[in-house]
Novice: 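Supplied in structure tokens, the structure appears directly below.
Note that the structure is predicted; figures quoted are calculated from it, not measured. Worth knowing before you read on, the calculation uses all heavy atoms, side chains too, and leaves out hydrogens, waters and symmetry mates.
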Amino acid sequence: MPTFYELCESGGQYFIRRTRRVGQKTVIDESGRVIHSKAMVTWAQLLDGIAC
């Protein structure tokens, strides 16, 4: 199963969610909540292959 990334928003705060498979389990990790501008920088870096 591939790893999926989602840019999410809740209550005006943004975060990135990563969903991946580890063995037989589905593991979901979420970044900390930040303002839109900071989330967009991280999201762009992720799409460019700079952020992990």
Novice: Who pairs with Thr26 by side-chain hydrogen bond (donor to acceptor under 3.5 Å, both in side chains), at least two apart in sequence or on another chain?
Specialist: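 For Thr26, the residues satisfying side-chain hydrogen bond (donor to acceptor under 3.5 Å, both in side chains) (neighbours in sequence not counted) are Arg21.
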Novice: Mind checking what makes salt bridge (Lys or Arg N to Asp or Glu O under 4.0 Å) contact with Arg33, not counting sequence neighbours?
Specialist: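 Per chain and number, Arg33 pairs via salt bridge (Lys or Arg N to Asp or Glu O under 4.0 Å) with Glu30.
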Novice: My understanding is that only residues two or more places apart in sequence, or in another chain, count here; which of them pass side chain to side chain contact (heavy atoms under 4.5 Å, CB included) with Val34?
Specialist: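 Val34: side chain to side chain contact (heavy atoms under 4.5 Å, CB included) contacts with Lys38, Ala39.
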Novice: Is there a path of hydrophobic side-chain contacts, each under 4.5 Å between heavy atoms, that joins Val41 and Ile16?
Specialist: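 Cluster IDs for Val41 and Ile16 differ.
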Novice: Please report the shortest heavy-atom distance between Trp43 and Tyr5, naming the atom on each side.
Specialist: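 For Trp43 versus Tyr5, the nearest heavy atoms are CH2-O, 3.9 Å.
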Novice: Under the 4.5 Å side-chain heavy-atom rule for ILVMFWY, direct or indirect, which residues accompany Val22?
Specialist: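 Answer for Val22: Val27.
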Novice: Let me check something: any side-chain donor-acceptor pairs from residues 6-14 under 3.5 Å, sequence neighbours excluded? List them with distances.
Specialist:
{"residue": "Glu9", "atom": "OE2", "partner": "Gly12", "partner atom": "N", "Å": "2.7"}

